[in-house]
Structure formats: structure tokens, C-alpha cells
Amino acid sequence: MSLRTRLRRPAGPATPAPGPATPAADTEASTPTTGAPEDATPTGEAAVSDGGAATPARTASRARRVAGAVLTGLAALLVAAALVAPDRLADVGPGAVLRIPVEALVAVALLLVLPARARRPAAVALGVALGLLTVVKLLDTGFRVARDRPFDVLLDWGLFDDGFGYLTDSAGRAGAVAAAVGVVLLVAGLPVLLALAVRRLARLLARHRTGAVRVVAALAVVWLGCALFGVRLSAGVPVADRSATGLVAAHVGQVRAGLRDRAAFAGEMTADAYRDVPGDRLLTGLRGKDVLVTFVESYGRDAVEDPALAPGVNAVLDDGYRRLRAAGFDARSGFLTSPTFGGGSWLAHATLLSGLWIDNDQRHRDLLAGDRLTLNGAFHRAGWQTVGVLPAATQPWPEGRFFGYDRYYDAEKLAYQGPKFSYAPMPDQYTLATFQRRERDRPHAPLMAEIPLVSSHSPWSAIPKPVPWDAVGDGSIFHTASTSTGGSRDVVQRDTAQVRDDYRHSIEYSLGTLVSYVLTYGGDDLVLVFLGDHQPNASVTGEGAGRDVPITIVAKDPAVLDRVAGWGWQDGLHPGPNAPVWRMDTFRDRFLAAFSPAH
């Protein structure tokens with residue numbers, strides 16, 4: 001034997017010849033071990049002098065195992081939370097955790113039967129899908145609070161730009177940018193995180209295939225039994241859950257309904273009893289009157305009926321009616337059902353003026369592309385000068401071409417020089433005072449004006465203090481007379497009770513300002529129609545509130561109110577619980593019929 005051969009021979013007992021190789025059951029499940037066994041005693045510099053403490057290698061190995069277990073636990077929690085999270089805040093609670101999602105059972109069964117090569121991409125795809133579904137759930141939850149409806153995957157994307165503008169006006173640009181960045185990170189991060197989490201859990205299933213099959217089979221039997229017998233938790237939530245499938249089906253149906261609705265709306269726009277009525281046969285019962293149609297932002301039925309809101313609001317209305325009666329005015333009130341809730345004021349404006357039900361932006365765009373006769377268009381045809389006063393229009397407003405006002409005042413033209421009050425670019429008192437100065441104080445033909453007031457726009461903070469009408473000027477006075485009448489300037493750190501209280505104060509301010517305007521500038525020839533555009537959002541009303549808003553007509557000429565005697569509206573500035581309720585889209589035709597001769 002040569003020296004080279006002798007040196008290559010290993011010391012110690014001879015190594016037995018290897019037997020036949022045993023194939024691994026799953027390449028992902030096999031975990032080959034390298035290096036010395038964990039209980040071997042290390043030698044050399046790695047040895048620990050006292051012989052009892054763990055070596056750095058063993059410590060690192062234990063730390064990796066603990067970190068792996070923690071990551072696996074977090075992955076399981078994230079996936080479970082995404083599966084059982086409800087899309088309504090009212091459903092959040094222990095009951096959601098105890099549900100058995102059928103989608104989870106199907107996904108686990110799929111991962112168990114797929115071969116190793118297909119399991120990884122399938123796990124990633126399932127995780128991404130679950131992440132996108134979770135994003136839709138979060139959007140549904142937010143829209144239910146803000147609009148009392150789920151997110152419309154076909155039509156609501158444009159609202160995010162409006163939302164950014166709202167945040168900028170309410171909380172400043174820095175806050176709006178921070179919120180936008182957070183939303184983008186959440187929307188992009190959830191699918192990625194859930195894809196990684198499902199992939200990690202898929203590897204765990206592969207390593208414990210037998211146990212996983214038994215658990216899934218047992219849970220499937222439990223799910224089926226609970227589904228057959230309708231087993232529910234104490235909160236009424238079914239144990240056998242299939243909400244994720246239902247959520248997807250609901251949004252698919254939503255898209256289909258939206259596509260069908262466009263064709264239906266095209267037919268509705270062509271049906272118009274007043275389309276070709278000549279101007280001399282329109283609105284003869286209002287000849288010589290200045291008619292103001294004024295929307296009070298977020299003035300909903302809850303403001304005059306909710307026990308926590310109504311006493312203060314109704315006190316303002318009742319005192320206002322008493323003073324108006326003393327000055328020779330009278331009023332009638334009812335309810336209209338708005339097409340929107342919590343926001344989307346433009347939908348309510350378009351519905352009232354067009355006589356069409358405009359409950360989404362697709363209908364709104366189609367309306368603007370047509371030539372529908374609006375209420376202000378009917379006044380224009382009958383000889384009135386029409387005016388639009390939109391204090392919240394801080395950007396170009398292409399809708400103005402459709403409504404065809406003779407004169408239009410946006411925020412720039414109103415030239416307000418005072419401070420902002422939360423969202424509102426200017427106080428309602430300034431808006432009305434400037435309209436009065438530029439239009440009604442001058443010699444003029446009869447006017448019809450649409451004036452949306454915005455001091456009561458969410459987030460209902462920093463309510464301005466009224467000033468003498470002759471001191472309003474360019475609004476600079478509000479720098480020194482801007483003490484809040486009740487609203488808080490903090491739009492973030494408020495509880496629900498404070499938000500509701502601030503909302504009440506803002507409505508009281510807007511309504512009180514309108515009453516004061518009529519008493520100061522009304523005259524014999526003023527007809528004021530004021531109404532809410534929609535209810536406030538669910539932070540004020542709670543989920544599931546109705547969509548009714550109050551509407552009132554104020555006039556000094558008794559002949560005006562005699563024309564609407566058949567409507568059944570109640571005396572006063574606020575309607576009672578039994579006042580008539582109409583859909584908002586019926587108002588145009590009822591109003592034209594009441595003040596125009598039969599045609």
C-alpha cells in the first residue's frame with residue numbers, strides 16, 4: 001500500500017456500504033441534515049470552556065427554530081384574519097373568529113393534493129387573491145360607514161380623487177399625503193404579505209400531510225353539519241361561513257347590474273313630460289319672484305328626529321318659524337328620499353334638478369352628456385335669470401355647461417378673504433351675503449338661484465360665529481370673529497359623541513343663518529326652498545339609517561303656499577314624523593305642475 005493510499009484511508013471503523021436509496025415523499029418536505037449531530041461535543045476554538053453552556057451553533061439553531069415558529073404563527077394569524085374579517089363594522093366581534101370559512105377548507109385541500117411543483121405557484125396565487133379580497137372588504141367597510149353601501153368596483157374609483165381633496169381641505173395637504181401613502185402601502189402590501197404567508201403555511205402542510213388531511217376532513221364534516229342544521233353563534237353569525245364567496249358573487253352581480261343600468265337610464269332620460277312645454281306655460285304661479293333653491297349640506301332626517309340631535313336643531317327651527325311668522329312669512333315642510341348617503345352631494349343636486357334618479361356617477365355622467373330639461377332650465381325658459389353659487393367649487397366645474405346658468409360663482413369668483421373653517425372654503429353667511437350684494441341688491445329681473453351651503457360639511461369642526469350682515473364685507477372680519485360656536489377644531493382626536501355634537505352645532509349654524517337671511521333680506525317676492533342633500537355619514541347616524549332629508553318652502557305671498565296645499569306638507573320649518581315622504585326625483589315634476597298651468 002502506498003503512502004498516498006494510507007493517508008487517504010479514514011481512521012476508525014470502516015463505513016458500511018450504503019443500502020438502497022429511499023426516495024423522499026416530497027421534495028419540499030425533505031430537510032437534509034448537514035454537519036455534526038446537535039448533541040455532539042464540539043472541539044477546537046468553538047468549544048466552551050465550562051462544558052455546560054450551549055455552543056454558538058446550537059444557540060443560533062435554536063433561535064432560527066423559534067423565529068420560524070413565530071413567523072409561522074404570524075402567517076396563520078394573518079391568513080385567518082383575512083378569511084374571517086367581516087365587511088361591516090357592526091359584525092366585528094368574537095363571533096367572527098369562531099366561524100369556519102369554507103374557502104379555507106377548499107384552499108387547504110387543494111394545496112394538499114397538488115404536486116410539489118404546482119403547490120408553490122398555487123399558494124402564491126391563493127395568497128394574492130386573498131389579499132385582494134381583503135382590500136375589497138376594507139373598501140366595503142369604509143364605504144358602508146361613509147355612504148351606507150358597499151364599494152362599487154365599477155364606478156367608485158373616481159371618488160378617491162375626491163377623497164384626497166376632502167382630506168386636503170379638512171386636515172391639510174401633509175395629512176392627506178400621509179393618508180394616501182398609507183393607503184397605497186396597505187393595498188400593495190396586503191397581497192404580498194398574504195402570498196408569503198400562504199406559501200409558508202403550504203410548506204407546513206406538506207411536512208405534516210397526514211395530520212393536515214385529518215384536520216381538514218374533520219372540519220369539513222363539522223362545516224357540513226353546521227350548514228345543514230343552520231347552527232349559529234350567539235350573535236346570529238353562521239358557523240358554516242361562506243362570506244368570501246358571497247362577497248365575490250355580490251360584486252360580480254354589482255358589475256352586471258351596472259352594465260344593465262346604463263341601458264335602462266337611457267330610456268328614462270327620453271321620457272320627459274316637460275321637454276317641449278313653451279316658456280309662457282311654465283311657472284306662471286311664480287312670476288316676479290326670486291326663487292332660491294338652497295341645499296344644506298348633510299341636513300338629514302336624523303337631525304330633526306334623533307333624540308340626541310333633534311332638541312337643539314328643532315329649537316333653532318321652531319324659534320326661526322316663530323320669528324318668520326311675526327315678519328309675515330309662512331312655511332311648509334316634508335321629506336324627500338335622497339339617492340345618496342353620507343356624501344356625493346352632486347348626485348342629490350342632479351336628482352332634484354333633473355327629475356331623474358341619479359344614484360351613481362355613471363348616471364351622472366350620462367345625464368351631463370344629454371339635454372335633459374332641469375328645474376333651473378325650466379326657469380330660464382320661462383324668463384328668469386338663473387344663477388349658480390357654489391362656494392365649494394375650487395376647481396374647474398364642467399357641469400356648469402350642462403346646467404346652463406346665466407351667471408355662475410365658484411369659490412374664486414366669490415373672492416372670500418377670510419379664514420377657512422375645516423372643509424368649508426367660506427362660511428355660509430359669507431356665501432349668502434355675497435350673493436345678495438352681487439345679485440339681489442341690484443336692479444334685476446326675477447332670479448332663480450341654486451346655492452349649496454357647505455358650513456355643515458363633514459368633518460364638522462370649527463363652526464364660525466355669526467356676524468352682523470352689514471359687516472360681512474370680503475370676509476376678513478371672520479379672522480377676528482371666528483370663535484367656534486361649538487364645533488371642535490380637532491378633526492382626529494374626537495369620540496363619536498363629540499362628532500355628533502359638532503355635527504349638530506354645524507346644522508344649527510346653517511339653518512340659523514338661512515332664517516336670519518330671510519328675515520334680513522327676504523321681502524315680499526322671495527321664495528326659499530331649502531333642503532338637505534343627504535344624511536350625514538354613519539359616524540353620526542349609525543349603520544342602516546334611512547336616506548330621507550327635510551325640505552321646506554318659505555314665502556311671504558300666501559298664493560305661493562296655496563299652490564302646494566295639496567301636497568300635504570306640514571306647517572313650519574321642520575316636518576314631523578308623519579310628514580309625506582317623496583323620492584327626490586319626483587320633486588321637479590310636482591313643483592312644475594304646482595306652479596304651471598295644465599299642459
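In this text the structure is predicted, and so the values were computed from the model without any measurement. Scope of the values below: all heavy atoms of this structure, side chains included, with no hydrogens, waters or symmetry mates.
- Test Asp330, Asp525, Asp524 against Lys556 for salt bridge (Lys or Arg N to Asp or Glu O under 4.0 Å) and you get one pass: Asp524.
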Side chain to side chain contact (heavy atoms under 4.5 Å, CB included) evaluation trace for Thr294 with Tyr517: CA-CA 12 Å; Thr294 305; Tyr517 173 83; over 6 Å; no

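- Put simply, the side chain of Arg144 never gets that close to the backbone of Glu543: no donor and acceptor are under 3.5 Å apart.
- Classification of the Tyr416-Phe478 ring pair by plane angle, with boundaries at 30° and 60°, yields tilted.
- Residues Asn376 and Val293 fail the side-chain proximity criterion, which asks for heavy atoms closer than 4.5 Å.
- A cation-pi arrangement is found for Arg583 relative to Trp357, the charged atom lying closer than 6.0 Å to the ring centre and inside a 45° cone about the ring normal.
- Ring centers of Trp157 and Phe151: under 6.0 Å apart, within the cut-off.
- The closest side-chain heavy-atom distance from Val549 to Phe295 is not below 4.5 Å.
- Shown here is Arg262, whose CZ atom has no more than 12 heavy atoms of other residues, nucleotides or ligands within 6.0 Å.
- Salt bridge absent: Lys137 and Asp140 never bring a charged side-chain N and a carboxylate O closer than 4.0 Å.
- With contacts defined as side-chain heavy-atom distances shorter than 4.5 Å, the pair Pro425/Val454 qualifies.
- Between Ser455 and Pro427, the closest heavy-atom pair is OG-CA, 3.5 Å.
- Panel note: side chain Thr434, backbone Thr431; no donor-acceptor pair is recorded below 3.5 Å.
- Annotation: cation-pi pair Arg438/Tyr409 absent, no NZ/CZ under 6.0 Å from the ring centroid and within 45° of its normal.
- Panel note: side chain Ser510, backbone Ile507; no donor-acceptor pair is recorded below 3.5 Å.
- A donor-acceptor pair under 3.5 Å is absent between the side-chain atoms of Glu508 and the main chain of Val316, judged by distance alone.
- Residues Leu592 and Leu283 meet the side-chain proximity criterion, which asks for heavy atoms closer than 4.5 Å.
- For the atom pair Leu432 CG and Thr513 OG1, the distance stands at 7.5 Å (nearest 0.5 Å).
- Side-chain contact of Thr386 with Asp406: a donor-acceptor pair under 3.5 Å is present, judged by distance alone.
- Using a 4.5 Å cut-off on side-chain heavy atoms (C-beta onward), Leu526 and Arg440 make contact.
- Using a distance-only test at 3.5 Å, with no hydrogens or angles considered, no donor-acceptor pair links the side chain of Thr337 to the main chain of Arg547.
- Nearest heavy-atom pair, Glu305 versus Pro577, reported as atom, atom and distance to 0.1 Å: OE2-CA, 3.6 Å.
- Checking side-chain atoms of Ser333 against main-chain N and O of Gly572 turns up a donor-acceptor pair under 3.5 Å.
- Residues Ala545 and Gln535 approach most closely at CB-NE2, 4.2 Å, considering heavy atoms.
- Between atom CZ of residue Arg588 and atom CG of residue Leu352 there is a gap of 10.5 Å, rounded to the nearest 0.5 Å.
- Within the 4.5 Å cutoff, the side chain of Leu453 has no heavy atoms near those of the Phe530 side chain.
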Criterion side chain to side chain contact (heavy atoms under 4.5 Å, CB included) on Gln385 and His444, from CA distance to verdict: CA-CA 9 Å; Gln385 288 284 293; His444 62 276; over 6 Å; no

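- Under a 3.5 Å cut-off, the side chain of Trp384 and the backbone N or O of Ala449 do not form any donor-acceptor pair.
- By the 4.5 Å heavy-atom criterion applied to side chains, Arg407 and Leu447 are counted as neighbours.
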Full working for side chain to side chain contact (heavy atoms under 4.5 Å, CB included) between Asp410 and Trp397: CA-CA 8 Å; Asp410 59 8; Trp397 193 61; over 6 Å; no

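- Phe587 has its side chain within reach of Val529: a pair of non-hydrogen atoms, C-beta onward, lies under 4.5 Å apart.
- Proximity of a side-chain donor or acceptor of Tyr430 to a complementary backbone N or O of Leu414 within less than 3.5 Å is detected.
- Closest approach of Val540 and Trp460 over heavy atoms only: CG2-CZ3, 3.6 Å.
- Annotation: the span from Met269 atom CE to Arg275 atom CZ amounts to 10.0 Å, rounded to 0.5 Å.
- Side-chain contact, Asp361 with Trp346: a donor N or O sits under 3.5 Å from an acceptor N or O.
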Residue pair Leu356, Arg363: steps toward the side chain to side chain contact (heavy atoms under 4.5 Å, CB included) verdict: CA-CA 9 Å; Leu356 294 169; Arg363 284 187 164 225; 5.8 Å; no

Verdict with supporting geometry, Trp569 and Trp582, ring pair (Phe, Tyr, Trp, His ring centres under 6.0 Å): CA-CA 11 Å; Trp569 287 15; Trp582 304 342; 5.4 Å; yes

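- A salt bridge links Asp306 with Arg500: the distance from a Lys NZ or Arg NE/NH1/NH2 to an Asp or Glu carboxylate oxygen falls below 4.0 Å.
- When only modelled atom types and interatomic distance are considered, His534 and Ser345 share a side-chain donor-acceptor pair under 3.5 Å.
- Arg323 and Asp319 are joined by a salt bridge, as a carboxylate oxygen and a charged side-chain nitrogen come within less than 4.0 angstrom of each other.
- The two atoms that bring Ala348 and Ser338 nearest to each other are CB-OG, 4.0 Å, heavy atoms only.
- In this structure, CZ on Phe341 lies 9.5 Å from OG on Ser298, to the nearest 0.5 angstrom.
- For the atom pair CG of Asp359 and OG1 of Thr351, the computed distance is 7.5 Å after rounding to the nearest 0.5 Å.
- When all heavy atoms of Ala331 and Leu561 are compared, the closest pair comes out as N-CD1, 3.8 Å.
- Remark: Gln362 CD to Asp156 CG distance equals 11.5 Å, nearest 0.5 Å.
- Atom NE2 of His380 has 12 or fewer heavy atoms from other residues, nucleotides or ligands within 6.0 Å.
- Side chain of His349 to backbone of Asp533: no donor-acceptor contact under 3.5 angstrom is found.
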